[in-house]
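Note on naming: letters A, B, ... go to the chains in the order of the sequence lines (proteins, then strands), and numbering restarts at 1 for each one. Computation of the quantities below employed the complete heavy-atom set of this structure, encompassing side-chain atoms and omitting hydrogens, waters and symmetry-equivalent molecules. Predicted model only: the values in this text are computed from it and were never measured.
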2 protein chains.
Amino acid sequence: MLQVVAISMTNHQIAIDSLKETGHRLTPQRVLILEAIEGISGHVTVEQIHQWVTKQNPTIDQATVYRTVRLLSGLHLLNEVVLGGVSHYEYADPVSRHHHMACEHCGCAIHIPTHYLDKLQLQLKNDTGFEPHMEHFTISGLCPDCQLNTNHSHSGHRHVHRGESRSPSHPEVQLP
Amino acid sequence: MLQVVAISMTNHQIAIDSLKETGHRLTPQRVLILEAIEGISGHVTVEQIHQWVTKQNPTIDQATVYRTVRLLSGLHLLNEVVLGGVSHYEYADPVSRHHHMACEHCGCAIHIPTHYLDKLQLQLKNDTGFEPHMEHFTISGLCPDCQLNTNHSHSGHRHVHRGESRSPSHPEVQLP
DNA sequence: GTGCATGCAAACAGTTTGCACAAGT
DNA sequence: ACTTGTGCAAACTGTTTGCATGCAC
């Protein structure tokens with residue numbers, strides 16, 4: 001009788017298998033990029049990935065990273081989350097699905113459990129016929145800290161501008 | 001006794017008043033831009049606004065449009081809605097508040113009444129302390145038409161690429 | 001060996017900005 | 001007059017692409 005063993009595989013190992021299964025080539029660049037996305041916690045930008053992989057192999061080009069994350073998103077191995085105009089990527093691990101709420105001011109983001117949006121998703125689908133893709137879904141707002149710091153000087157809504165790319169003060173908080 | 005008369009003002013008239021009240025100058029360019037945003041229905045891009053105003057005054061620069069929509073957003077006279085990576089603007093008329101759901105494939109967008117998100121907004125605020133800004137809020141997905149046309153060739157999620165800027169087949173549908 | 005993947009550089013779109021001049025108050 | 005707003009052009013960021021070479025299969 002066959003024994004099914006639950007082996008805990010890392011996300012990048014799963015992704016490597018998927019790549020091969022779908023007939024794509026397993027290059028050292030791709031492996032490094034996959035490891036980078038796992039190594040850096042949270043949702044990462046192409047630039048962050050590039051900096052990480054560059055430490056291992058300084059010749060890897062940013063274009064390769066762009067092409068790779070695009071490929072991986074297409075294979076549903078990564079989710080793309082756009083925060084403040086820049087694409088961020090994270091493993092599309094189905095067991096840890098969540099949504100995002102990002103602070104417009106400091107750029108920090110928290111995870112929101114899927115159940116918060118389940119009814120909404122169903123409602124929208126029923127009422128509109130639209131098929132909402134909640135994976136690519138981010139609510140913007142102000143985090144508690146920034147609410148205090150910006151209540152007065154509130155001149156305009158688009159706080160996270162191009163290139164500001166601020167490092168969040170409390171990057172990843174988990175909800176109950 | 002004073003009589004309060006409800007005069008129906010157009011959005012751009014209101015905006016003109018707000019500009020003066022906040023000490024900004026009323027230039028012909030700004031007036032034209034305000035009229036354009038009202039003249040073109042739905043959420044409009046800077047390029048659309050520029051094309052419109054150019055017909056009245058061919059010397060108006062795109063930079064002026066950018067500066068103006070930024071100013072107006074800052075004064076909460078416009079809402080900024082980012083669809084497929086490009087900023088769209090619409091009057092922040094409080095009586096017609098709504099949210100958006102945009103099709104990733106064809107770029108069309110429908111309006112979603114605010115009540116769909118009221119409970120979610122409250123819930124999130126209570127549970128996380130985040131102050132969600134639902135005005136800047138768009139759910140992406142697939143419209144009914146594109147669900148039929150893309151069920152098979154579903155290779156990747158980011159369908160609306162830079163520069164594609166497709167014209168929606170059914171741009172603005174109103175929900176019950 | 002064949003064809004996909006990479007590195008490099010150049011292009012691209014959307015957006016922002018520095019500066020001299022124009023124009024609203 | 002004083003200052004803000006404009007037009008123009010140039011810069012900038014994130015991203016895509018064409019092409020010759022390199023490497024996984």
Side-chain angles (χ1 to χ4, degrees), chain A residues 16 19-34 43-51 53-54 56-75 80-89 107 156 158-166, chain B residues 16-17 19-34 43-51 53-54 56-75 80-89 107 156-166:
Chain A
I16 287 175
L19 271 184
K20 303 182 94 164
E21 283 167 18
T22 50
H24 294 93
R25 293 185 182 168
L26 198 60
T27 66
Q29 292 91 331
R30 288 180 174 169
V31 175
L32 274 179
I33 290 166
L34 287 169
H43 17 65
V44 289
T45 64
V46 165
E47 196 183 353
Q48 288 175 310
I49 298 172
H50 184 238
Q51 284 184 359
V53 298
T54 291
Q56 327 291 320
N57 177 349
T59 70
I60 298 184
D61 197 83
Q62 221 158 354
T64 301
V65 183
Y66 275 106
R67 282 188 273 235
T68 303
V69 294
R70 190 180 250 256
L71 169 67
L72 296 168
S73 302
L75 296 173
E80 184 189 36
V81 182
V82 180
L83 302 174
V86 275
S87 290
H88 296 236
Y89 299 89
R158 205 185 181 189
H159 291 118
V160 179
H161 301 291
R162 283 175 173 271
E164 275 189 24
S165 180
R166 15 255 310 325
Chain B
I16 287 174
D17 288 354
L19 271 184
K20 302 181 95 166
E21 282 167 21
T22 50
H24 295 93
R25 294 183 181 170
L26 198 60
T27 66
Q29 291 90 331
R30 287 180 176 170
V31 175
L32 274 179
I33 289 167
L34 287 169
H43 17 65
V44 290
T45 64
V46 165
E47 196 182 354
Q48 289 175 308
I49 299 171
H50 184 239
Q51 284 184 358
V53 299
T54 291
Q56 327 290 321
N57 176 348
T59 70
I60 298 184
D61 197 82
Q62 220 157 354
T64 301
V65 182
Y66 274 107
R67 283 189 272 234
T68 302
V69 295
R70 190 181 250 254
L71 170 68
L72 296 168
S73 302
L75 296 172
E80 184 189 37
V81 182
V82 180
L83 303 174
V86 275
S87 291
H88 295 237
Y89 298 89
H157 264 169
R158 207 187 178 188
H159 292 119
V160 178
H161 299 293
R162 285 177 171 270
E164 275 189 24
S165 178
R166 13 256 307 330

**Student:** May I ask you to evaluate whether A:Tyr66 reaches the phosphate of D:dT15, defined as a side-chain N or O under 4.0 Å from OP1 or OP2?
**Tutor:**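 Result: yes.
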
**Student:** Is any side-chain N or O of A:Gln29 closer than 4.0 Å to OP1 or OP2 of C:dG7?
**Tutor:**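 For C:dG7, OP1 or OP2 has a side-chain N or O of A:Gln29 closer than 4.0 Å.
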
**Student:** Applying a 4.0 Å non-hydrogen cut-off, can you work out what B:Arg67 is touching in the nucleic acid: base, sugar-phosphate, or nothing?
**Tutor:**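 Base contact - B:Arg67 has a heavy atom under 4.0 Å of at least one base atom.
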
**Student:** Once you round it to whole Å, what is the distance between P of C:dA5 and NZ of A:Lys20?
**Tutor:**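 After rounding, the reported distance stands at 14 Å.
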
**Student:** Specify the residue among A:Ala63 and B:His24 whose closest nucleotide of DNA chain C lies further upstream toward the 5′ end.
**Tutor:**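 Whichever sits nearer the 5' end wins; that is A:Ala63.
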
**Student:** Counting just side-chain N and O atoms, does A:Thr68 come under 4.0 Å of either OP1 or OP2 of C:dA5?
**Tutor:**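 So the side-chain polar atoms of A:Thr68 never come under 4.0 Å of the phosphate oxygens OP1 or OP2 of C:dA5.
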
**Student:** What is the separation between atom CZ on A:Arg30 and atom C1' on C:dA5, rounded to the nearest whole Å?
**Tutor:**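 Distance, rounded to whole Å: 6 Å.
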
**Student:** Send over the distance from A:Asp61 CG to D:dT15 P, rounded to a whole Å.
**Tutor:**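 Taking CG of A:Asp61 and P of D:dT15, I get 14 Å after rounding.
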
**Student:** What's A:Pro28 touching, base or sugar-phosphate or nothing? Going by heavy atoms closer than 4.0 Å.
**Tutor:**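 Since only primed, P, OP1 and OP2 atoms lie under 4.0 Å of A:Pro28, the category is sugar-phosphate.
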
**Student:** Report which part of the nucleic acid B:Thr59 touches: base, sugar-phosphate, or nothing (heavy-atom distance under 4.0 Å, all strands).
**Tutor:**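 It contacts sugar-phosphate atoms only.
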
**Student:** Check whether any side-chain N or O of A:His50 sits under 3.5 Å from a backbone N or O of A:Thr64 as a donor-acceptor pair, and report yes or no.
**Tutor:**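 Flag not set: sc A:His50 to bb A:Thr64 has no pair under 3.5 Å.
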
**Student:** Five pairs at each end of the helix from C:dG1-D:dC25 to C:dT25-D:dA1: take the axis at both ends and give me the angle between them to 10°.
**Tutor:**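 Here the helix ends are tilted 30° relative to one another.
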
**Student:** Starting from P on D:dA24, measure out to CG on A:Leu32 and report it in whole angstrom.
**Tutor:**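 In whole Å, D:dA24 P and A:Leu32 CG are 12 Å from each other.
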
**Student:** Within the pair A:Thr64 and C:dT6, is there a side-chain N or O less than 4.0 Å away from OP1 or OP2?
**Tutor:**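 Checking A:Thr64 against C:dT6: no side-chain N or O falls below 4.0 Å of OP1 or OP2.
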
**Student:** Please confirm whether the shortest side-chain N or O distance from A:Thr27 to OP1 or OP2 of C:dA5 is below 4.0 Å.
**Tutor:**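 Result: no.
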
